[in-house]
Amino acid sequence: MTIFKALLIKEALVLANSIVVLDFETTGLSPDQGDRAIEIGAVKLENGIVTDRFQALMNPGRRINSFIENYTGISNRMLAVAPTCTKVMTEFADFIGASNLLAHNAAFDARFLEAELARLGRQVCGEFSCSLLLARRIYQDAPNHQLGTLINYKNIAADGSFHRALFDAEMTAELWLMMLNDLSERYGLDNIPFSLIKRLVKTPKAKVDKLLINYAAKIN
DNA sequence: TGCCAGGCCCTCTTTAGGGCCTT
């Protein structure tokens, strides 16, 4: 085994052993405009298996509008008896530790995670991956790249409600594993290291196939 | 009552504009 290949396997194991898939429900789209988290859901993936889960509603200290109530199914009555964002996010920060992180449209969840942790005087330690960016490259024929559409497109069993944090995190994890498996099968790769994912999501769609073919030729 | 953001990514592009995706 070459040193290069050994390093890639080690890197892949590090990623697999530490990734946390998360999803926020929020009062709106922008923490910079004062929006707050109202629910966090997450699953811990270890070697492709969900080994732990985290789910909690949190009281943002204000009423949410009817659009958010209808969109998420989370009501003001539910939030009125929920613990504070401070309490929930403190527990969640301990849950994720220094793990690498994954979300569908990660830029959105990363902004809220950073904003909520900043209120606690804490910060994100792990590195984010984005299932949306990867899906846009490897499922170019999908009708669109919304989470629900991709779950349906790949015939992944979905027994629950989209737009609730834990369910969306579970579905994102399933989609992620499906994408890694499809990449492995399509290009004959034993594992998909984090460095390859990072390169993939920065590669123009038209050049993705060539990159993977060249990578597979190099590693195999 | 209606609207609000930010990053990615494509194209009729790069001195820009607009759709997608997240709540």
Side-chain angles (χ1 to χ4, degrees), chain A residues 20-43 54-79 82 85 88-89 92 96 101-119 124 127-154 156 158 160-176 178-179 197-211:
Chain A
V20 169
V21 189
L22 63 91
D23 183 72
F24 277 106
E25 304 305 320
T26 70
T27 64
L29 293 172
S30 175
D32 290 342
Q33 299 293 315
D35 286 318
R36 299 295 304 274
I38 59 173
E39 186 182 39
I40 178 66
V43 299
F54 188 102
Q55 185 278 328
L57 291 171
M58 58 191 112
N59 189 333
R62 78 186 67 154
R63 291 182 61 80
I64 58 174
N65 63 38
S66 58
F67 172 81
I68 297 298
E69 281 192 311
N70 292 329
Y71 188 77
T72 64
I74 298 169
S75 66
N76 280 295
R77 182 172 298 182
M78 293 161 69
L79 295 177
C85 294
V88 170
M89 290 308 299
F92 186 62
I96 61 179
L101 305 163
L102 167 68
H104 198 68
N105 196 11
F108 174 85
D109 292 280
R111 279 199 302 276
F112 275 94
L113 181 59
E114 288 169 2
E116 294 294 346
L117 292 188
R119 289 172 179 268
V124 180
E127 192 166 351
F128 260 98
S129 295
C130 180
S131 55
L132 169 64
L133 295 183
L134 186 59
R136 278 178 173 163
R137 282 159 178 79
I138 69 174
Y139 299 144
Q140 297 184 22
D141 293 335
N144 61 56
H145 298 89
Q146 296 172 21
L147 179 61
T149 302
L150 290 167
I151 293 300
N152 184 57
Y153 177 71
K154 295 305 298 180
I156 296 171
S161 299
F162 284 104
H163 308 306
R164 286 302 301 267
L166 181 58
F167 185 73
D168 281 5
E170 300 254 19
M171 291 298 96
T172 300
E174 292 280 348
L175 175 65
W176 184 253
M178 177 71 77
M179 289 194 290
I197 299 292
K198 285 166 57 178
R199 285 175 62 192
L200 266 179
V201 299
K202 292 179 180 177
T203 300
K205 288 180 183 178
K207 297 182 179 179
V208 164
D209 195 52
K210 183 178 181 181
L211 183 152

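- No donor-acceptor pair under 3.5 Å is formed between the side chain of His104(A) and the backbone N or O of Met171(A).
- Nearest-nucleotide positions on DNA chain B place Ser30(A) closer to the 5' end than the other of Ala206(A) and Ser30(A).
- Of the residues near DNA chain B, Val201(A) and Glu25(A), the one whose nearest nucleotide (by heavy atom distance) lies more toward the 5' end is Val201(A).
- A gap of 27 Å separates the P atoms of dT1(B) and dG19(B), to the nearest Å.
- Straight-line distance between the C1' atoms of dT22(B) and dC4(B): roughly 15 Å, to the nearest whole Å.
- Using modelled atom types, one finds no donor on one side chain facing an acceptor on the other under 3.5 Å when comparing Asp35(A) with Thr26(A).
- Among the atoms of the strands shown, base atoms are found under 4.0 Å from some heavy atom of Phe67(A).
- Distance from the side chain of Gln146(A) is smallest for dC21(B) among the nucleotides dC8(B), dC21(B), dT23(B).
- Between Phe112(A) and Phe24(A), the two ring planes are tilted [angle within 30° to 60°].
- Regarding contacts with the backbone of dC20(B), every side-chain N or O of His145(A) stays at 4.0 angstrom or more from both OP1 and OP2.
- Contacts of Leu147(A) with the nucleic acid, taken as non-hydrogen atoms under 4.0 Å apart, involve only primed sugar atoms and P, OP1 or OP2.
- Closest approach of Ile68(A) and Thr27(A) over heavy atoms only: CG1-O, 3.5 Å.
- The CD1 atom of Ile68(A) sits 15 Å away from the P atom of dC4(B) (whole-angstrom rounding).
- Asp35(A) comes within 4.0 angstrom of no nucleic acid atom, judged by non-hydrogen atoms across all strands.
- Across the P atoms, dT13(B) and dG18(B) are found 13 Å apart, a figure rounded to whole Å.
- If you check every strand for non-hydrogen atoms under 4.0 Å, Leu132(A) touches sugar and phosphate atoms only.
- When the C1' atom is used for both dT14(B) and dC9(B), the distance is 13 Å, rounded to whole Å.
- Checking dT22(B), dA5(B), dC21(B) against every side-chain atom of Arg136(A), the shortest atom distance belongs to dC21(B).
- As rounded to whole Å, 17 Å separates atom C1' of dT22(B) from atom CG of Leu134(A).
- Here His104(A) does not reach the OP1 or OP2 of dC21(B): none of its side-chain N or O atoms lies under 4.0 Å away.
- Between dA16(B) and dC12(B), the distance separating the two C1' atoms is 11 Å to the nearest Å.
- We find that CG of Asp168(A) is positioned 13 Å from C1' of dC21(B), with the value rounded to whole Å.
- Counting heavy atoms of neighbouring residues, nucleotides and ligands inside a 6.0 Å radius, atom CZ of Arg62(A) exceeds 12 of them.
- Atom CG of Leu29(A) is separated from atom P of dT23(B) by 9 Å (rounded to the nearest Å).
- Going from atom CZ of Phe24(A) over to atom C1' of dC21(B) covers 17 Å, rounded to whole Å.
- Checking dA5(B), dG7(B), dC8(B) against the side-chain heavy atoms of Gln33(A) singles out dA5(B) as nearest.
- With a 4.5 Å cut-off on side-chain heavy atoms, Leu22(A) and Phe54(A) do not count as touching.
- Residue-level contact check: Asn70(A) touches neither bases nor backbone, having no heavy atom under 4.0 Å from any strand.
- Atom CZ of Phe108(A) and atom P of dA5(B) are 14 Å apart (whole Å).
- Atom NZ in Lys207(A) sits roughly 13 Å away from atom P in dC9(B) (whole-Å rounding).
- Looking at heavy-atom distances under 4.0 Å, Thr27(A) makes no contact with the nucleic acid at all.
- The nearest whole Å value for the distance from the CG atom in Leu133(A) to the P atom in dC10(B) is 11 Å.
- Set against dT23(B), dC9(B), dG7(B), the side chain of Tyr71(A) has dT23(B) as its closest nucleotide.
- Residue Asn144(A) is in sugar-phosphate contact alone, with no base atom involved, counting any heavy-atom pair closer than 4.0 Å across all strands shown.
- Side-chain contact between Lys154(A) and Tyr139(A): present, with at least one pair of heavy atoms (C-beta onward) separated by less than 4.5 Å.
- Listed nucleotides dC8(B), dT23(B), dG6(B) differ in distance to Arg111(A); the shortest reach to its side chain belongs to dG6(B).
- Across the P atoms, dG2(B) and dC20(B) are found 23 Å apart, a figure rounded to whole Å.
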